[in-house]
Amino acid sequence: MVASQHRFWRGVRNYVIGFIVTVLVLALAVVGFVALHNDRAADKTAAQQKKLAPFYVAPAGWQAAALGTVFRSEPVGGVPGHATGRRILYRSARADGSPSVSGGLVFVPSNSAPAGGRPVLAWAHGTAGMGDECAQSRRPDVEASIPGLANFLAAGWAVVATDYSGLGTAGTLQYLVGQAAARDVLYSVRAARTMPGVDASTRVALWGHSQGGASVLWTEQLARRLAPELQIVAAAAAAPAAELAILMQHQWNTVGGSLIATEALVGWPAAYPDLDVAPLWNRDAGNYRTIANKCIVAGLIDLEVRHLLGSKPIMKVNPLTLPAWHTVVTANTAPLPLSAPTYIAQGLDDPLVLPGSTATYVRDACAAGANVTANFIGDLGHMKAGFTAAPIVFTWLQQRFAGVPATSTCGTQLPVAPLGL
């Protein structure tokens, strides 16, 4: 009996060892397949970007062109039915007003424009990564990251979407610098208005998510000064990165905060050359420029893996503790007052743009006399906030274009407490 038990357990051991070896072999095969697939995908992406690269090179003497000048345009595919789309390269400006060039997209419905021209929807995208291939107009599925695009076009609106200067074009993206983003958005509208067949009116609605939500709030505030010919009818922002100081205070040492940090460490010194990265950058956490150049999903995966392996955050101290960085963070917090009716959507399960930070912005905007419609949505995280809010935003913006007064939610109790520093 003892011998039979010995043979039994030896058989079990051999089976377990064989099973583990099989799993390891299969795992190595999967890793090899994924690596090969990723290499092939990377090669394909590199080939696509090489083919696109000449389009994004500005012509000689571009700096002297008027703001909003379209240097180049070409058709793009994959556009929702009964519409056309074009990739554009246009003249914009940096935060300090110095010349820049940006890529972008313009979509036009196939139906005839009404008297006075088409209403315009200007889209501002969220954090995408800083590599050339991350630019919205350089993607093979150019329309995929514009929530509500099919509805906007079906309503007869022209839609324009900036890449932001330095994302896919020469120079460095001035990430989360409000003055730069507002110029890119406004001059993309000006560019669309110069294009034959767009028939764009001066009536503009703004729509953005995350980084783009903050861009929209800055654009709304600066429009009268930078593009006085445009009438901003309304603005809508989903999960806007509006209260930067509050977000930095609570997120600087998280994985999500590290993702934002990689781009901030690249983009803010591009706008503020005197900023010193050395006191912030934790060198043991990896090269922030390398991570920043990855598109957002790849960047998040990289940082999450590093976190699981015990890596420290990208920033070694809270940037608000450094006077120069505190000044820049505060200067790029979304401004008040707001000059047009504004819709703000925020998920209550958002781990990146904290609901309490948006509640703080809504509270302060209401106190400043803004006409704000705030919608806090349960069971909604960050990445899908724009697509979840888009149908509501579509209805709300139709009413604003039709001249229906917006009903403010100011004076109602917020479902989440405002967050402080």
Side-chain angles (χ1 to χ4, degrees), residues 41-42 45-46 48-49 52-53 56 76 78 87-89 92 100-105 122-149 159-178 180-182 184-185 188 207-216 218-219 237-241 244 247 255-268 270-271 288-304 314 332 350 352-353 381-387 390:
T45 298
Q48 291 170 339
Q49 293 306 315
L52 281 172
Y56 293 88
V76 292
R87 176 184 292 115
I88 66 171
L89 186 73
S92 189
S100 69
V101 62
S102 177
L105 295 163
W123 162 251
H125 69 74
T127 301
M130 303 183 85
D132 286 347
E133 69 274 16
C134 308
Q136 190 168 244
S137 72
R138 282 178 172 252
R139 293 177 50 165
D141 53 342
V142 293
E143 83 290 349
S145 60
I146 305 178
L149 177 61
V159 177
V160 58
T162 182
D163 287 340
Y164 305 125
S165 297
L167 181 52
T169 52
T172 301
L173 169 65
Q174 294 185 340
Y175 177 69
L176 282 177
V177 177
D184 287 331
V185 173
S188 72
W207 168 221
H209 171 233
S210 191
Q211 171 198 359
S215 300
V216 158
W218 275 96
T219 302
L244 287 186
L247 291 174
V255 172
S258 286
L259 178 69
I260 302 305
T262 62
E263 298 200 31
L265 291 175
V266 175
W268 277 344
Y288 65 90
R289 290 186 179 275
T290 300
I291 301 172
N293 277 327
K294 295 184 177 183
C295 296
I296 184 168
V297 173
L300 276 172
I301 291 173
D302 187 325
L303 288 168
E304 189 63 52
I314 288 292
N332 288 289
D350 193 329
L352 189 59
V353 173
H382 185 75
M383 300 301 288
K384 295 182 179 180
F387 287 96

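Computed from a prediction, not measured in an experiment: that's the story for all the values here.
- Legend: residues meeting side-chain contact (heavy atoms from CB on, under 4.5 Å) with Ala128, ordered by chain and number and at least two apart, are His125, Cys134.
- Residues passing the side chain to side chain donor-acceptor pair (under 3.5 Å) test with Asp184 are Ser92, Ser165, sequence neighbours excluded.
- Taken to the nearest 0.5 Å, the CG atom of Leu352 stands 8.5 Å off from the CE atom of Met383.
- For Leu176 against Ala241, the heavy-atom pair with the smallest separation is CD2-CB, 4.4 Å.
- Among residues two or more places apart in sequence or in another chain, the side-chain contact (heavy atoms from CB on, under 4.5 Å) test is passed with Asp302 by Ile291, Lys294, Arg306.
- Across all non-hydrogen atoms, the minimal contact from Thr127 to Glu263 is CG2-OE2, 3.2 Å.
- To the nearest 0.5 Å, atoms CD1 (Ile260) and OG (Ser210) are separated by 6.0 Å.
- Between the side chains of Thr169 and Tyr164, no donor N or O sits under 3.5 Å from an acceptor N or O.
- In this structure a side-chain-to-backbone donor-acceptor pair under 3.5 Å is present from Ser258 to Ile314.
- Atom CG of residue Leu300 and atom CG of residue Leu259 lie 4.5 Å apart, to the nearest 0.5 angstrom.
- Tyr56 pairs by the ring-ring contact (aromatic ring centres under 6.0 Å, His included) definition with nothing, not counting sequence neighbours.
- Across every non-hydrogen atom of Thr162 and Ser102, the tightest pair is OG1-OG, 3.3 Å.
- Residues meeting the side chain to side chain donor-acceptor pair (under 3.5 Å) test with Gln174, sequence neighbours left out: none.
- Ala135 pairs by the side-chain contact (heavy atoms from CB on, under 4.5 Å) definition with Arg138, Asp163, Leu167, not counting sequence neighbours.
- Gly386 and Pro147 get closest at one heavy-atom pair: O-CB, 3.5 Å.
- Gln136 and Trp123 share a donor-acceptor pair across their side chains, judged by distance under 3.5 Å alone.
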Passes side-chain contact (heavy atoms from CB on, under 4.5 Å), Leu105 versus Ile88? Steps please.
CA-CA 6 Å; Leu105 295 163; Ile88 66 171; over 6 Å; no

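- The CG atom of Asn293 sits 11.0 Å away from atom OH of Tyr288, with the distance rounded to the nearest 0.5 Å.
- Taking each heavy atom of Ser215 and Ala124 in turn, the nearest pair found is CB-CB, 3.9 Å.
- The salt bridge (charged side-chain N to carboxylate O under 4.0 Å, His left out) test applied to Asp132 returns no partner, not counting sequence neighbours.
- The distance from the CZ atom of Phe387 to the CD1 atom of Ile146 is 9.0 Å, given to the nearest 0.5 Å.
- Scanning both residues, Tyr175 and Trp268, for their nearest heavy atoms gives O-NE1, 3.0 Å.
- One distance of note links CG of Leu89 with OG of Ser137; it measures 8.5 Å at 0.5 Å rounding.
- In terms of the side chain to side chain donor-acceptor pair (under 3.5 Å) criterion, Trp207 has no residue partners (sequence neighbours excluded).
- Remark: Thr172 engages no residue in a side chain to side chain donor-acceptor pair (under 3.5 Å) (not counting sequence neighbours).
- For Thr219, the side-chain contact (heavy atoms from CB on, under 4.5 Å) partners at least two apart in sequence or on another chain are Ala182, Val185, Leu186, Leu206.
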